[in-house]
Structure formats: C-alpha cells, structure tokens
Amino acid sequence: MTPSLFLVQLLSGLAHAVVLFLIASGLSLIFGVTRIVNFAHGSLYMLGAYLTYTLAACLPLGPVSFYGGVLLASGIVGIVGIVVEVVLLRRVYRAPDLYQLLLTFALVLVVADTVRLFWGTENIVGPSAPGLSGSVALFGQLFPTYDLALLAVGPLVAILLWALLHRTRWGVLVRAATQDREMAAVLGVNQSFLFTSVFALGAFLAGLGGALQVPRQALTNVMDTGILVEAFVVVVVGGMGSIPGAFLAAVLLGVIDAFGVVFLPNASLVLIFVVMAVVLIVRPHGLLGRPETAPRTTGGVVAAERSITVPWPAWVALLLVLTALPPLLPAFYLWVLVEILAFALFAASLHLLVGTGGMLSFGHAAAFGLGAYGAALLFRKALVPMPIAFLAAPAVAAAGALIIGFFCVRLSGIYFAMLTLAFAQIAYAAVHQWYAFTGGDNGLLGIWPPNWLGTPLRFYYLSLTAGAAGIGLLSLVVRSPFGLLLRAARDQARRAQAVGINVRRQQWVAFIVAGFFGGLAGAIFVFLKGSVFPSILDVQMDLAPLVMTLLGGVHSLAGAPLGAAVYKLLDTVVGRYTQYWQLVLGSFLILLVVAFPRGILGLVRGGSDE
Amino acid sequence: MHRRWLLRVVAFLWTVALVSPAAAQTPIKIGEINTYSGIAAPFTIPYRKAIEMAVDEVNARGGLLGRKVEVIFRDDRGNPAEAVQRAEELVSSQKVDLIAGTFLSNVALAVSDWAKRNKVLFVASEPLTSALTWSQGSPYVFRVRPNTYEQGVMLANRAARMKYLRWASIGPNYEYGKRAWQAFWSRLSALKPEARAVGEFWPPVGKIEAGPYVSAILDQHPDALFVSLFGSDWLAFVREARKRGLFQKMFVVGMLLGEPEYMNPLKAEVPEGMLVTGYPWYDIQTPAHKEFVEKIRRRTGKPPVEGSLVGYVTFLSIFQAIRQAGSTATDKLAAAFRGLQVQTPIGPIRFRPFDGQSTMGAWVGTTKYDPKRGVGVMVNWQYVPGEKVLPSRAEVERMRQHR
C-alpha cells in the first residue's frame with residue numbers, strides 16, 4: 001500500500017465515521033436515558049435524507065437552499081421524534097422494556113411505506129452541496145471537498161454534544177438518568193420531559209446524519225435498514241449510552257472499513273461484525289461503556305413479571321383441533337399451517353432465552369439457519385435419507401449454539417443481544433460466500449421430502465408432531481428445576497450466584513437447548529420450502545421470532561406460538577390484498593401493542609399465576 | 001320502426017355471441033410473483049405497468065381461447081421462502097394456470113425448483129443468473145431476458161477490440177456480481193491473452209461506502225474497469241468516482257448501466273464514454289417499437305425503461321404460447337414454449353427448445369449525456385441478438401451434467 005493511498009483511505013474512513021457518529025450518538029443517547037432499543041432510528045435517518053432532497057429543491061434561498069434544507073429537515077425529524085415519543089412510546093413505558101422495541105419495529109414498517117407513498121420507489125440522486133461539490137488534490141489523489149467539510153462537522157457536533165451534556169443542567173440530568181434512571185426519578189427529575197427531549201435530540205441527530213448523506217449516497221427505500229445495523233454496531237462497540245465511546249467506535253469502524261476495501265475485499269459483508277465480536281469478547285461492555293447497574297444485569301427484559309399459565313385442557317383442545325381439522329382444509333391452508341408451526345416452535349425456542357432466561361437475543365436466526373442448512377447439506381451433499389437429516393438438524397444447531405453460547409453468556413443485556421447478532425451475521429456471511437459447500441447466495445435446491453411424506457397432509461402431520469413435541473418439551477424444560485434456576489438467575493442474578501447457582505452455566509445450557517429447538521424449526525421450514533438461501537440467516541429472520549414472542553406475550557411460553565400464528569396470518573392476508581403491506585402490517589402491530597401492552601396473552605392476566 | 005327494432009335485436013345478439021364465450025368461461029389466470037418492495041422496487045414498478053398494459057390489450061381483443069386473461073400479482077419481498085409460499089398460494093388457492101415473474105436470481109431459483117417439483121410452468125422474466133436455464137435448468141422453466149453470461153460475452157467481444165490491458169473490477173458481493181465478472185473476464189482473456197486483471201472489489205450489496213473503493217481502484221492504476229454494481233450502489237459510486245477523477249483516468253465497461261433505470265436517476269451526472277449494455281428506446285425506429293413507446297407513454301405518462309420492455313415481451317410470449325398450445329395444461333404449454341416464436345416490439349425472438357432460454361438480445365453501446373432530455377443516452381449502439389452469444393446445445397448439456 002502506497003503512503004498516499006494510506007492517507008486517502010484514512011480520510012475517507014474518517015468522513016464515513018462522521019456520519020456513523022451522528023446516527024450512533026443519537027441512538028446511544030436514547031438508549032442511555034430511556035432504555036429504548038430504537039429500531040426506528042434508521043427510519044428517522046431515511047426521513048432526514050428524503051426531506052432534505054425535497055426541501056433543497058423547493059426552498060427559495062438560491063444556493064443556500066441545500067443547507068437550509070439540511071437544518072430544516074433535521075428539525076422536522078426531531079419533531080417527528082417528539083410526536084412518536086409522546087403519542088406512542090409513552091403509552092407503553094409501564095410495559096416490560098421490550099414492548100417499546102416492538103413498537104419501534106412497527107414504526108420501521110410504517111415509515112418505509114410512507115416514504116414509498118410520498119417519494120416513490122425510484123432511486124434518487126440528490127443535489128450536491130453548493131460550494132462543496134468539487135475536490136482538492138491531496139497526496140496525489142483527488143479528495144472531495146464535501147468529505148473534508150464533514151471532517152469538520154463531526155468533531156463540531158461532538159463538542160456541542162459534550163458541552164450540552166456537561167455544561168447544562170439538562171445535560172446533568174441526562175447523565176444522571178443514563179447512570180441510574182430509578183435514582184434520578186426518585187430525586188424528582190421530570191422523567192417525561194427528559195425522555196421526550198432526549199428522544200427529540202436523538203431523532204434530530206439521525207435526521208442530520210441522513211441529511212448530510214444526500215450529496216454522497218443515492219436515496220432509496222431501503223436505506224433505513226442498512227444503516228440501522230451499522231449504527232447499533234457502533235453504539236455497542238463504543239459502549240451503550242457513551243457519547244465518547246460512540247465517537248471512538250465510529251472512527252474505528254469507519255477506518256477499518258476503508259482499509260478492509262484494500263486488504264480484505266471479500267470480507268466486506270462480515271468485517272464490522274467480526275470487529276464487534278472481538279471487542280465484545282475482550283470488553284463485554286464496549287470500549288468506553290460501563291456495566292449496567294446491578295438489578296438490571298440479566299432480568300431487564302421480564303424480571304418481576306408474573307407468568308401466565310395456559311391451562312392444560314386448552315392445549316389438549318388445540319391439539320385435537322389441529323389433528324382433526326386439516327383433512328378438511330385446502331392444500332394452501334396446510335402450507336400456511338406448517339409455516340406457522342415452524343415459526344411457533346422457532347419463537348417458543350427463543351422464549352426460553354428471552355422469557356424464561358431474560359436473555360434478549362438478536363441472533364436466534366443462527367439456530368434456525370444452522371438447522372435448515374444442516375438438514376439441507378446432510379440431505380443433498382451427504383445423501384442422508386430425509387428423516388435422518390430432519391432429526392439431525394437440531395443436533396447441528398445445538399452444536400453451533402454450544403460454540404456461540406460459550407462466548408455470548410459472558411455478556412448481558414444489550415451486549416449479549418448484539419453479540420448473538422454478530423455471530424448470526426458471521427454465519428450468514430459464511431454460507432453466503434462458501435460457494436463450493438453451501439452454494440453461496442444461489443442456495444441449495446431440491447430439498448424435498450420423499451414421496452411417502454411429500455403430500456401436504458402427511459408433511460403437515462410430520463410438522464405437527466415435531467412442533468407439538470418441541471413446544472411440549474420446551475414447556476417441560478421451563479417447569480423443570482433447571483427452568484426455575486434459569487428464572488432465578490433472570491430475576492435475581494446476584495442472589496442466585498450467592499446461593500451457589502452457576503448462572504453462566506445455566507444460561508449456556510439454555511442457549512444450547514434453545515438452539516436445538518430452533519434448529520428443529522429450521523428443519524421443518526427447509527423441507528417445506530424445498531430450498532435454502534442465506535436469507536434464512538438475515539436480520540429479518542433474527543427479529544421475526546422476537547416480534548412474535550412479544551406480540552403473543554413474553555410472560556408465557558404460550559405467547560410465542562400465539563404470536564407466531566397472529567403475525568403469520570396477518571402477514572399472509574395483508575400481503576395478498578395490498579402493495580403497501582408494510583404500512584398495514586405496521587399499523588396493525590402498533591394498534592396491537594397499544595391495545596395489549598403486555599402482549600395478546602396479557603389480556604388474560606387475571607388468569608392463574610405460576 | 002320495426003326494422004330499427006329488429007336491427008337492435010340483431011346487434012344485441014351479435015354482441016352476446018361475441019362476448020359470452022369469454023364471459024361464460026372462467027378466465028385464464030396467470031400468477032405473477034415479483035419483488036415489488038425493497039431493493040428491486042425501482043425496477044419492478046414500471047415492469048408491472050407494462051404487464052397490465054399487455055393484459056388489457058389482449059382482453060380488448062377478446063382474450064385468449066375465448067377466455068379473458070387475468071393476472072394476479074404477488075410481492076415476494078426479495079425473499080425466496082416468501083416467493084415459494086406465494087407460488088403455493090397462487091397455484092393451489094387461486095388456481096392460476098402458470099407462474100411468471102421474479103427479479104432476484106435466488107428467488108427465481110427457488111421458484112423454479114418448486115415449479116419443477118409441482119409440475120407448474122414458470123416463465124422467468126427479469127432474473128439474470130445463467131444457472132436458471134443451464135446448470136439448474138428444468139423442463140418447466142423458460143427465461144426471457146438475456147442472462148449474465150450473454151451480457152458479459154457481448155461486452156467482452158467489444159472490449160477486446162480496444163487497447164486496454166490492465167483491468168480491474170468492482171461488483172456486488174453476490175452471485176450476480178461474481179458471475180458477471182467471470183463471464184466477461186474469461187471471454188476477454190480468451191480473445192486477448194495479454195490482458196491482466198489487477199484488482200477485484202466486492203462491496204456488500206445495497207450498502208456501498210464508495211469513497212474508499214474509488215481510491216483503492218485508482219491506486220491500482222488500471223486502464224479499464226469492469227462494473228456490475230447494482231441500483232443505488234452504482235449511483236453512489238458514480239458520485240465519488242466523479243469527484244475523485246476516476247472517469248478521466250480509466251475506461252469503464254458496465255453491465256446493464258445503459259438501461260434507463262440506471263441512467264435516468266443520474267441526470268447530468270451520468271459518466272460519458274462508458275461501454276455498456278442497455279436499452280436505447282429513444283433510437284429504435286422500427287414501427288412496432290415506436291408504437292410500443294407511444295403506448296407506454298400514453299398509459300404511464302413516462303417513456304419506457306428496460307423493465308417495461310421485459311414485462312411486455314414476457315406476457316406477449318405467454319399469450320403466444322397459450323394460443324399455440326390451444327390449452328392451458330402445463331405439458332401442452334411447455335411443449336408450445338419449446339421453440340416458440342414471438343413477435344415483439346423489438347422483432348422476433350425464439351425460446352430455445354433445449355434450454356428454455358429466449359434469444360432476446362441486448363444493446364451494446366457507449367454512454368453520452370443528452371442535454372436536450374437532461375439524461376444519459378446510449379450512442380453508437382448495436383443490437384446483439386441472443387443467438388450470437390448463446391452456447392450450443394452440447395455446451396448446455398455439459399453444464400447440466402456438471403451441476
């Protein structure tokens with residue numbers, strides 16, 4: 001590498017880092033104070049970009065229109081943040097933390113289709129920044145002046161943020177709440193004002209990040225999801241809630257990305273996740289993060305919530321209906337039922353982690369995908385008969401979970417979640433690029449059950465057997481002494497430790513068990529679809545079981561299958577009738593969350609306690 | 001008075017006789033699965049409008065086999081598993097007679113595999129992967145658009161006549177990008193053994209941070225660059241490449257980059273002098289094509305893009321196959337598709353009997369900014385029909401054995 005390339009890559013990486021920092025700092029602030037994992041942050045970024053494009057075209061300011069557009073767009077996004085916080089999020093603050101996550105997930109869907117409605121689906125190349133559209137010669141290469149200007153904006157925003165947090169009363173309150181929210185509340189800090197203002201500031205920063213991308217990137221309907229994952233990686237690597245950490249991590253990741261282009265051109269999919277995994281394994285709270293305060297260590301998700309038990313006659317009745325009804329159903333409904341069964345088991349296996357164990361996982365698709373790929377590879381490459389491949393799939397997934405879990409259970413809270421995501425993404429990159437073995441993104445085809453199992457009805461009964469057995473076994477696990485230890489570790493990690501429970505080991509075992517059943521769900525899925533592709537390991541598949549579990553109700557194992565059924569049915573029906581399925585589905589989810597802030601099963605909270 | 005009454009009755013009966021066979025029978029149903037949301041939406045929305053136009057036209061002429069034609073659209077969301085579910089729904093619940101569509105290659109492969117197992121005809125319109133008709137081919141799949149291999153060979157044939165020897169490549173880190181470069185480079189190095197490849201760059205699809213890629217390419221000092229970037233990645237790349245002077249320092253060859261879908265968003269920023277495959281609709285002066293352009297304009301208020309042409313040709317082909325088969329039974333339709341001749345706005349095309357690949361070609365030319373229309377256009381173009389670049393039957397059979 002020539003010295004001039006080194007310097008140019010460094011500068012390019014730093015310019016990228018500025019944008020990453022703007023988005024990540026907002027995300028980090030919001031999480032620090034409100035504990036909301038804001039999936040809609042990428043959507044706010046996208047809104048900022050599209051609004052800037054429109055405003056720059058219609059503001060009557062001549063060449064200054066663009067800059068006016070940037071500020072105005074960021075301001076509007078800040079106001080959108082206020083509306084979202086006041087109208088939606090505030091309604092669910094009393095629910096367990098994760099329900100806000102579900103709400104922000106629904107917002108992602110709604111904003112995506114809103115952008116599509118207003119600005120259309122075509123890719124848009126926005127205006128250049130007037131006065132900064134050229135380039136200057138640096139180290140023998142041309143370098144865009146706009147990127148140089150960004151290099152000034154980044155530190156400027158960082159300094160302003162620092163001053164805001166360290167030199168104003170508001171900043172003191174924000175830092176206090178970040179460190180210990182309950183204590184700040186006890187001391188009489190006006191929480192709702194603090195939450196609203198922090199959310200507004202975070203949204204403003206996301207909007208600004210999007211606005212400043214307009215001269216560098218094309219505007220697309222999918223720019224929200226792309227940036228979201230990157231922003232989370234930056235926040236977690238830096239340490240949740242830490243602004244200097246976000247700055248450091250943005251610089252680190254921006255620069256590593258720029259040099260990766262030169263040294264590891266084939267690793268572009270996975271590089272940042274490998275970096276995140278390494279950082280989290282070495283420093284479990286990110287570079288500059290602090291351990292979360294004690295009571296929330298593991299149980300942040302559902303601690304101190306009473307469980308809801310569905311009476312066994314209800315299960316028996318359901319099983320009877322599912323056994324007796326299908327011969328009367330048309331074939332397509334059978335396929336939908338099998339898909340629901342696969343997702344029900346997938347979500348139920350995640351429930352063992354999230355609900356019983358209090359371990360929020362963003363990477364459970366790894367279990368599903370390893371099961372599916374395990375079965376597919378055994379069936380296609382090792383020519384193992386289908387029933388054996390089907391039964392071996394959970395073992396493959398459990399073996400994967402054994403390794404992934406070993407690293408992950410050393411972490412807790414959002415760090416645990418992001419490390420699971422990193423491993424799922426590494427698995428995704430592996431199957432995506434290992435063309436000779438996994439077929440790469442062309443996938444594996446022809447994974448059909450043999451004829452004696454291949455009719456819709458027979459395959460349905462196989463899936464019902466596997467799904468019911470899986471969920472039944474999971475419920476036994478939850479009720480077993482092991483399940484109780486897991487809950488003890490969730491609710492009172494320190495006390496559990498003090499009475500001699502090896503918390504990490506319990507969690508590790510739970511991770512493996514969840515992986516096992518997730519893999520079984522993957523096996524059902526792969527023989528239903530007949531093919532498998534890396535997309536089975538993507539972020540959508542990571543979030544799907546989580547959304548389903550929360551939708552049904554996180555306090556009971558029964559919530560997972562219920563949520564899976566509701567979500568899949570909604571999705572199937574909505575997808576049939578409208579192009580704007582995201583808008584409709586997202587709105588439904590918002591209504592459901594606002595109506596049932598503890599999940600659908602929360603409605604029957606009056607029911608018996610475990 | 002009586003005579004007028006009689007005339008009315010006759011006219012009425014005449015109308016009934018014309019309309020009733022179509023009205024009385026169930027329509028012919030075609031299921032159309034495509035990526036109407038997300039990354040491919042900029043390409044599939046105009047495509048869908050052209051299909052709707054083709055269907056309205058055929059119905060205005062009384063439908064096919066005396067029956068109306070109905071298309072049921074479904075969004076696969078860019079996900080193969082979702083696409084398979086939609087195919088299942090269309091066939092077993094909506095009772096469609098065949099499946100058409102798809103954009104992304106992996107979605108197409110999943111649907112094709114499903115169609116093979118369920119013995120359903122699948123007419124793939126937009127996907128480019130060569131595997132679909134060759135290494136993973138099946139008797140139930142037919143594909144309209146010229147595939148990655150064909151387009152790579154077309155570009156290499158032209159590029160080999162030029163002086164450039166040091167080549168670099170940038171493309172999305174997935175099948176399409178890797179295969180595009182492979183097809184181009186193996187052909188180019190066969191024609192020009194002294195050419196050397198000096199660097200390959202594979203940004204993740206849909207997420208390119210273009211600056212570092214441009215600098216790294218410049219640092220290799222290639223004479224020429226092969227680009228297969230997709231959609232918004234290409235737009236972001238152009239911005240950084242312009243600012244960093246890439247287009248002054250090397251010749252650029254781009255797959256699909258001459259299509260209006262890729263050129264129009266760039267407006268005046270389109271790089272000039274690139275060798276590209278694309279669709280110069282503005283310069284194709286045959287009466288049939290001019291009529292097509294006019295119809296699309298009237299219907300959508302915009303000129304056509306590549307997707308409009310592909311959607312329209314796909315459905316003309318399906319209609320022609322149904323007419324020739326005289327039936328919508330899968331086996332008869334598949335038999336009709338083998339060797340099917342179709343008159344399209346760009347002239348006749350044929351579906352090859354042994355692999356189901358159509359002979360629809362592509363236009364190879366050079367890009368130029370057209371200040372009158374405010375967008376980039378292709379000049380000095382030449383239409384390369386599929387026959388000129390497609391492999392022989394023996395080669396296809398070898399690929400099918402090697403899978």
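Here is how names work: the chains are called A, B, and so on, in the same order as the sequence lines, proteins then strands, and each is numbered from 1.
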* Asked: Which bit of His432(A) is near chain B, if near means a heavy-atom gap under 4.5 Å: side chain, backbone, both or neither?
  -> side chain
* Examine whether an atom of Arg116(A) lies under 4.5 Å from a heavy atom of chain B, and if so say whether it belongs to the side chain, the backbone or both; otherwise answer neither. =>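 For Arg116(A), the contact with chain B is made by the side chain alone.
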* Asked: Can you name the closest pair of heavy atoms from Glu269(B) and Ser128(A) and give their distance?
  ->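 For Glu269(B) and Ser128(A), the tightest heavy-atom pair comes out as OE2-OG, 4.3 Å.
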* To do: Report the option among Val532(A), Leu5(A), Ile227(A), Leu11(A) that has the most heavy-atom pairs separated by less than 4.5 Å from atoms of chain B.
  => Leu5(A)
* Give the member of Gly245(B), Pro80(B), Ser105(B) that has the highest number of heavy-atom pairs under 4.5 Å with chain A. => Pro80(B)
* To do: Name the region of Thr44(B), side chain, backbone, both or neither, that has any atom closer than 4.5 Å to a heavy atom of chain A.
  =>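 The answer is neither part of Thr44(B).
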* To do: Begin with the C-alpha distance, continue with both residues' side-chain angles, and end with the deciding distance and a verdict on side chain to side chain contact (heavy atoms under 4.5 Å, CB included) for Glu209(B) and Arg216(A).
  => CA-CA 9 Å; Glu209(B) 173 65 28; Arg216(A) 307 173 83 230; 2.7 Å; yes
* Asked: Is there a donor-acceptor pair under 3.5 Å between the side chain of Gln9(A) and the backbone N or O of Pro212(B)?
  -> yes
* To do: Identify the two heavy atoms, one from Glu88(B) and one from Trp335(A), that lie closest to each other, and give their separation to 0.1 Å.
  =>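 Nearest pair, atom of Glu88(B) first, then Trp335(A): OE2-NE1, 2.5 Å.
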* Considering only heavy atoms, which portion of Gln540(A) lies under 4.5 Å from any heavy atom of chain B: side chain, backbone, both, or neither? ->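 Neither the backbone nor the side chain of Gln540(A) comes within 4.5 Å of chain B.
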* Asked: Less than 4.5 Å apart, any side-chain heavy atom of Ile45(B) and any of Glu122(A)?
  -> no
* To do: Please state whether the side chain, the backbone, both or neither of Arg77(B) comes within less than 4.5 Å of a heavy atom of chain A.
  => side chain
* Non-hydrogen atoms of Phe533(A) and Asn106(B) that approach each other most closely ->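 So the minimum-distance heavy-atom pair works out to CZ-O, 3.4 Å.
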* Side chain, backbone, both or neither: which part of Val125(A) has an atom under 4.5 Å from a heavy atom of chain B? ->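 For Val125(A), heavy atoms of backbone and side chain both lie under 4.5 Å from chain B.
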* Asked: Charged N to carboxylate O under 4.0 angstrom, Asp147(A) versus Arg244(B)?
  ->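 Between Arg244(B) and Asp147(A) there is a salt bridge, with a charged N closer than 4.0 Å to a carboxylate O.
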* For residues Val336(A) and Gln85(B), determine if any side-chain heavy atom of one lies less than 4.5 Å from a side-chain heavy atom of the other. =>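 Val336(A) vs Gln85(B): side chains touch.
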* **Atom of Asp75(B), atom of Trp581(A) and distance for their closest heavy-atom approach** => OD2-NE1, 3.0 Å
* Asked: Where do Asp441(A) and Tyr174(B) come nearest, in terms of heavy atoms and distance?
  -> OD2-CB, 2.8 Å
* Part of Gln141(A) within contact of chain B (heavy atom distance under 4.5 Å) ->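 Contact with chain B is through the side chain of Gln141(A) alone.
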* Measuring heavy-atom distances to chain A, does Ala131(B) have an atom under 4.5 Å in its side chain, in its backbone, in both, or in neither? ->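 It is the side chain, since no backbone atom gets that close.
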* Can you say whether Gln220(B) sits under 4.5 Å from chain A via the side chain, the backbone, both, or neither, judging by heavy atoms? ->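 Looking at Gln220(B), nothing touches chain A.
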* Asked: Given a strict heavy-atom distance threshold of 4.5 Å, which part of Glu240(B) is in contact with chain A: side chain, backbone, both, or neither?
  -> side chain
* To do: Spell out, as yes or no, whether a donor-acceptor pair under 3.5 Å connects the side chain of Tyr333(A) to the backbone of Ser93(B).
  => no
* To do: Heavy-atom distances under 4.5 Å only: say whether Tyr435(A) touches chain B with side chain, backbone, both or neither.
  => side chain
* Asked: Given the options Arg576(A), Gln579(A), Glu339(A), which has more heavy-atom pairs under 4.5 Å with chain B than any of the others?
  ->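 When all of Arg576(A), Gln579(A), Glu339(A) are compared, Arg576(A) has the most.
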* **Any donor-acceptor pair under 3.5 Å from Lys207(B) side chain to Gly226(A) backbone** => no
